[in-house]
Amino acid sequence: MAVPGARARGWAAAARAAQRRRREERTGGPARPEPASRRAALYVHWPYCEKRCSYCNFNKYIPRGVEEAAMRKCLVTEAQTLLRLSGVRRVESVFFGGGTPSLASPHTVAAVLEAVAQATYLPADSEVTLEANPTSAPGSRLAAFGAAGVNRLSIGLQSLDDAELRLLGRTHSAGDALRTLAAARRLFPGRVSVDLMLGLPAQHVGPWLGQLQELLRRCDDHVSLYQLSLERGTALFAQVQQGALPAPDPELAAEMYQAGREALREAGFRQYEVSNFARNGALSTHNWTYWQCGQYLGVGPGAHGRFVPQGAGSNTREARIQTLEPDNWMKEVMLFGHGTRKRTPLGRLEMLEEVLAMGLRTDVGITHQHWQRFGPQLTLWDVFGTSKEVKELLERGLLLLDHRGLRCSWEGLPVLDSLLLTLLPQLQEAWQQRTPSLVPGG
């Protein structure tokens, strides 16, 4: 496993030297900070899994045999192409998701990082996250990913109850999960995140809270709580529909979530986003880019992205989706340099709707300065300051609108979806009143 480590050190050193030369040639002096339009996060999708979990409807495939060298070459090619199309000069973070990217070779991770560093500026201390499942990530393999350039892990633990893990179709046991967590913490101290699910069929508050307390005795500084969502087409959805399993109780799930939030707060965690909790400053900078509506490039089968293509004669951001099926995606990458299946230009109102819905997921909310970056025609006060419906939410203590901006209170964050039912129509109405001469959605 020495090669990935050598490559990781190589791309870091080469990137620093090449970036200094490029910037000094361009500016005639030391490097200056890149504007937001030239910065982005990079998401890399590894589409393969050992098996499909009973609750999962993500774009993933159970391979008969993966030609990893071909997949690696296509990931590198698409990353290079999208970086060129976007005009991005600085990649702030890289996230390897899936699927199960810990099934990929560390050589693949190193090759992608090396390509990114050659094409743009990837700071040596950039957050590089890899999603890992316990059964595909023993300590020696995690160390090899670290040598390849990964410096943060997100472990799909999901439960510490073996019966629940079997129900979810996971391939690991609670013991496997805890051993992987311990190994990860030794290798990546302060940079290990774990996922815990709630709201499973027949799950109850007390035992689930016991799992969380056990996890708090063993975890690092980042925890994500996710409520089960029954998705059509999954095995778990079919079992519930057929009556083989009881339907999850949404009120019970809400009680679990509230109990979990309080337990994490008592343990020193900050709830910085609806599902995410961190202490000691261990926020995910990659995911923060999503919630702040920053640019991100999606590489790999079915990956999503949001960026402004350069050289297209406009400054319109596009939502992009890459071709889903891996073999078809690879054919398109080999033919065209990328496998973009769908491009959707985002109008200014659509962008503001995203800023509102994503920003309110965080405890910071939306500052006035942040809002003005996307909607200089309308202030937060213009949109929400005189609304009777919003005033009621403010009086109930669910929202705060002040000199800092607009944000949910501690009580409001768990019911954000219901708050958006009021806030989004208010934004749409204010936009129509203030910008009647603009093209709809423009």
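Heads up: numbering here begins at 1 and tracks the sequence.
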Does a side-chain heavy-atom distance below 4.5 Å link [X] with [Y]?
{"X": "Ile366", "Y": "Phe374", "result": "no"}
{"X": "Arg306", "Y": "Tyr290", "result": "no"}
{"X": "Phe96", "Y": "Val109", "result": "yes"}
{"X": "Thr323", "Y": "Pro301", "result": "no"}
{"X": "Arg373", "Y": "His370", "result": "yes"}
{"X": "Trp208", "Y": "Leu196", "result": "yes"}
{"X": "Thr379", "Y": "His368", "result": "no"}
{"X": "Asp220", "Y": "Val194", "result": "no"}

Under 3.5 Å: donor-acceptor pair, side chain of [X], backbone of [Y]:
{"X": "His45", "Y": "Gly298", "answer": "no"}
{"X": "Arg320", "Y": "Thr340", "answer": "no"}
{"X": "Ser126", "Y": "Pro123", "answer": "yes"}
{"X": "Glu78", "Y": "Gly300", "answer": "yes"}
{"X": "Gln239", "Y": "Leu245", "answer": "no"}
{"X": "Glu354", "Y": "Ala357", "answer": "no"}
{"X": "Gln295", "Y": "Val308", "answer": "yes"}
{"X": "Asn151", "Y": "Val128", "answer": "yes"}
{"X": "Thr81", "Y": "Gly337", "answer": "yes"}
{"X": "Thr100", "Y": "Leu103", "answer": "no"}

* **Positive for side-chain hydrogen bond (donor to acceptor under 3.5 Å, both in side chains) with Thr285, one of Glu92, Glu127, Arg152** => Glu127

Just verifying a value: how many Å separate [X] [atom1] and [Y] [atom2], rounded to the nearest 0.5 Å?
{"X": "Ile321", "Y": "His304", "atom1": "CD1", "atom2": "NE2", "result": "4.0 Å"}
{"X": "Arg39", "Y": "Ser93", "atom1": "CZ", "atom2": "OG", "result": "11.5 Å"}
{"X": "Arg191", "Y": "Thr129", "atom1": "CZ", "atom2": "OG1", "result": "7.5 Å"}

* Assess whether side-chain hydrogen bond (donor to acceptor under 3.5 Å, both in side chains) is satisfied between Arg170 and Asn133, documenting all intermediate values. => CA-CA 9 Å; Arg170 305 295 285 176; Asn133 280 352; 3.0 Å; yes

* To do: Run the ring-centre check on Tyr272 versus His222 and record whether the distance is less than 6.0 Å.
  => yes

* To do: Give a yes or no on whether a salt bridge exists between Arg341 and Glu332, defined as a side-chain N under 4.0 angstrom from a carboxylate O.
  => yes

* Structure fact -> For residues 246-262, the salt bridge (charged side-chain N to carboxylate O under 4.0 Å, His left out) pairs (sequence neighbours left out) are none

